[in-house]
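Throughout, a chain's letter reflects where its sequence line sits, starting with A, and its residues are numbered from 1.
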Amino acid sequence: GDSVTQMEGPVTLSEEAFLTINCTYTATGYPSLFWYVQYPGEGLQLLLKATKADDKGSNKGFEATYRKETTSFHLEKGSVQVSDSAVYFCALSDQGGYSTLTFGKGTMLLVSP
Amino acid sequence: NAGVTQTPKFRVLKTGQSMTLLCAQDMNHEYMYWYRQDPGMGLRLIHYSVGEGTTAKGEVPDGYNVSRLKKQNFLLGLESAAPSQTSVYFCATKHRQSYEQYFGPGTRLTVT
């Protein structure tokens, strides 16, 4: 079945540091790929998405590129802020009609001033 | 617009008790989902619904039942709660022509 593997956390960075959170996937067909973010005590919010190979999703300074050849969708940000502290989930959506999501285990990011 | 709401926010049950979690949405979305979130496990799909009166099993359906009698509501039931069902439960909704799922704030359930 489909699966998503992302780097374990926590990832601890100082403000303005560069962020990379690795995500790789296994899927049949051509899934859509997502990054969701969960702030403390809240539900998940969509951060960015990519629906086909070589697409780049971007939002709020975060970027991720759909790499079919390496089955990866790594999340990057050039300069993190304290307010970026959250748990980040990589996910894929099947190509079937119901778009169920398969999530990675999540990576906690802690940014200190 | 309230978006996606979940009731209750917190609940403590004893083993063997039953309860129903309610998810309500005012976005007129066709698809609705129930997930559970456990430490180190990410989110796992319990059941989902693609329309009023239809439901389907997800990855971890055992011990749960669901109903979608109205388009705006999706109920998750636990008939006989077990400690293994201690978790945070999230509801999500999606328009059938969109990619994005919208999540509720979650229900934290503890079974003792």
> Of the backbone (N, CA, C, O) and the side chain (C-beta and beyond), which part of B/Tyr99 lies under 4.5 Å from a heavy atom of chain A, both, or neither?
Replying inline: both
> Listed by chain and number, what are the side-chain contact (heavy atoms from CB on, under 4.5 Å) partners of A/Glu76, not counting sequence neighbours?
Replying inline: A/Phe18, A/Thr20
>> What part of B/Gln37 gets within 4.5 angstrom of chain A, counting heavy atoms only: side chain, backbone, both, or neither?
In response: side chain
>> For B/Phe74 and B/Trp34, take the angle between the two ring planes, folded into 0 to 90°, and tell me which bin it lands in: parallel under 30, tilted 30 to 60, perpendicular over 60.
In response: tilted
> Does anything in residues 40-64 of chain A pair up under salt bridge (charged side-chain N to carboxylate O under 4.0 Å, His left out), and if so which pairs, sequence neighbours excluded?
Replying inline: A/Lys52-A/Asp55, A/Lys56-A/Glu63
> So which of B/Gly106, B/Gly58, B/Gly104, B/Gly40 has the largest heavy-atom pair count under 4.5 angstrom toward chain A?
Replying inline: B/Gly40
>> Report which part of A/Gln38 has an atom under 4.5 Å of a heavy atom belonging to chain B: side chain, backbone, both, or neither.
In response: side chain
> Between B/Tyr64 and B/His47, is the gap from one ring center to the other below 6.0 Å?
Replying inline: no
> With under 30° as parallel and over 60° as perpendicular, where do the rings of B/Phe103 and A/Phe103 fit, or are they tilted in between?
Replying inline: perpendicular
>> At a 4.5 Å cut-off on heavy atoms, which part of B/Leu43 comes close to chain A: side chain, backbone, both, or neither?
In response: both
> Where on B/Tyr102 is there a heavy atom nearer than 4.5 Å to chain A: the side chain, the backbone, both, or neither?
Replying inline: neither
